[in-house]
Trainee: 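My structure is below; once you've seen it, I'll send some questions.
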Amino acid sequence: MTMQRIGGVAALACAATYLFGFALLVTVMAEMGFGTNEIDATAVVSATVENPALMITWNTVIYIVNALALTLLVVALAGRLKRISPEWGTTSMAFGLIWTTLVLGAGMIANVATERVMALAPTDFDAAVRIWEALHAVELGLGGGNEIAGGVWIFCVSLAGVVYSAFGKIVTGLGLLTGLGGLLTILPPLGEVAGAVFGLGAIAWFIAVGLALLFKSEAAVDPLRA
């Protein structure tokens, strides 16, 4: 299997992790305020004590599995862009690997928070809440609370697509919209809306890129333009 096809599978895996995350976010996690500025730390700690497997699974899928798949996609797209422009290919890889590192770090911090809550809650529930709040703030700072790094990478890849006609209109259009949404999460008043645009747009973009990498022949002059 070529790296391009591996990248296609990885892109679809990224989309799957986002879909899994949204499914839990609007059901189980919504009750605790996840995805908003009104998250209830006490409820999170209680839920963690009752069902630690759910929290570990949530963190592992949306962060760790996503980061590992994302790394393969970053390498695959950088390799494709390098054939058109070595500078754009290298730049996209740099931004992409920064994002994957932040996502992986956020997942590791989130799982450590779960472990600390499990250790502290039976004897000092209030301390467990404080520890979770502190580690959750670090998690959000790394990437769970903003999408700037991801927005920069997707926008960079899509901009290269515009400049060099490297991608089809659907892939490029979705990428520019998604990247812009990620960049706008830096503005607090737009944070939640921009984050939703980024998340939903990323699902569509990952699927579009994945299908293109998997089913467009590499023998074509430009496999992603059709």
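If you're wondering where the values come from, they're calculated on a predicted model, not measured in any experiment. Hydrogens, waters and symmetry mates are skipped; everything else that's a heavy atom, side chains included, is used.
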Trainee: Would you give the length of the straight line joining atom CE of M108 to atom CG of L142, rounded to the nearest 0.5 angstrom?
Mentor: 10.5 Å
Trainee: Which pair of non-hydrogen atoms, one from G150 and one from F198, has the smallest distance, and what is that distance?
Mentor: C-CE1, 3.8 Å
Trainee: Spell out, as yes or no, whether a donor-acceptor pair under 3.5 Å connects the side chain of S92 to the backbone of G89.
Mentor: yes
Trainee: Could you tell me which residues satisfy side chain to side chain contact (heavy atoms under 4.5 Å, CB included) with T101, sequence neighbours excluded, listed by chain and number?
Mentor: none
Trainee: Do V152 and W99 have side-chain heavy atoms sitting under 4.5 Å apart?
Mentor: no
Trainee: Testing V65, L54, N111 one by one against N59 for a side chain to side chain contact (heavy atoms under 4.5 Å, CB included), which residue passes?
Mentor: N111
Trainee: Which pair of heavy atoms, one from G179 and one from I154, lies closest together, and at what distance?
Mentor: N-CG2, 4.1 Å
Trainee: For F34, give me all partners under ring-ring contact (aromatic ring centres under 6.0 Å, His included), at least two apart in sequence or on another chain.
Mentor: W58
Trainee: Measure the shortest side-chain to side-chain distance between V112 and L135 over non-hydrogen atoms and say whether it is less than 4.5 angstrom.
Mentor: yes
Trainee: Is there side-chain contact between L213 and R5, with heavy atoms separated by less than 4.5 Å?
Mentor: no
Trainee: Indicate the atoms forming the closest heavy-atom contact of L73 with A10, along with that distance.
Mentor: N-CB, 4.0 Å
Trainee: Answer with yes or no whether the side chains of H136 and E133 bring together a donor and an acceptor at under 3.5 Å.
Mentor: no
Trainee: Does the side chain to side chain contact (heavy atoms under 4.5 Å, CB included) test come out yes or no for L214 and L12, once each step is laid out?
Mentor: CA-CA 10 Å; L214 282 172; L12 296 180; 3.6 Å; yes
Trainee: How long is the gap from CG on L177 to CZ on F155, to the nearest 0.5 Å?
Mentor: 10.5 Å
Trainee: How would you list, by chain and number, every residue that makes a ring-ring contact (aromatic ring centres under 6.0 Å, His included) with W205, sequence neighbours excluded?
Mentor: W153
Trainee: Which value, rounded to the nearest 0.5 Å, describes the distance between M32 atom CE and T42 atom OG1?
Mentor: 12.5 Å
Trainee: Hydrophobic cluster membership, with links at side-chain heavy-atom distances under 4.5 Å among I/L/V/M/F/W/Y: are L24 and I56 in one?
Mentor: no
Trainee: Return the CG to CG distance between L77 and L70, rounded to the nearest 0.5 Å.
Mentor: 9.5 Å
Trainee: What closest approach, in Å, do G199 and Y18 show between heavy atoms, and which atom pair accounts for it?
Mentor: O-CD2, 3.6 Å
Trainee: Identify whether Y63 and V28 are in the same connected component of the hydrophobic contact network (ILVMFWY, side-chain heavy atoms under 4.5 Å).
Mentor: yes
Trainee: Does the side chain to side chain contact (heavy atoms under 4.5 Å, CB included) test come out yes or no for V157 and V74, once each step is laid out?
Mentor: CA-CA 10 Å; V157 171; V74 168; over 6 Å; no
Trainee: Under 4.5 Å between side-chain heavy atoms, hopping through other hydrophobics if needed: is there a path connecting I39 to F22?
Mentor: yes
Trainee: Is the CE atom of M118 crowded by more than 12 outside heavy atoms at less than 6.0 Å?
Mentor: yes
Trainee: If you round to the nearest 0.5 Å, how far is CG of L183 from OG1 of T178?
Mentor: 11.0 Å
Trainee: What are the two closest non-hydrogen atoms of A160 and L81, and how far apart are they?
Mentor: CB-CD2, 4.0 Å
Trainee: Just by modelled atom types, is the G181 backbone N or O under 3.5 Å from a matching donor or acceptor in the T185 side chain?
Mentor: no
Trainee: Looking only at atom types and distance, does a side-chain atom of T17 sit under 3.5 Å from a main-chain N or O of C14, one as donor and one as acceptor?
Mentor: yes
Trainee: Which heavy atom of T114 sits nearest a heavy atom of M55, and at what distance?
Mentor: OG1-CB, 3.9 Å
Trainee: Quick one: CD1 on I62 to CE on M29, what's the gap to the nearest 0.5 Å?
Mentor: 7.5 Å
Trainee: For the residue pair S158 and F167, establish whether any side-chain heavy-atom pair is separated by less than 4.5 Å.
Mentor: no
Trainee: Can you hop from V193 to L140 via hydrophobic side chains spaced under 4.5 Å?
Mentor: no
Trainee: With a 4.5 Å heavy-atom cut-off, do I186 and N146 have their side chains touching?
Mentor: no
Trainee: Heavy-atom count around I170 CD1 within 6.0 Å, excluding the residue itself: above 12?
Mentor: no
Trainee: Decide whether L174 and F215 are clustered together by the hydrophobic rule: side chain heavy atoms of Ile, Leu, Val, Met, Phe, Trp, Tyr closer than 4.5 Å, transitively.
Mentor: yes
Trainee: Is any side-chain heavy atom of L104 closer than 4.5 Å to one of I64?
Mentor: yes
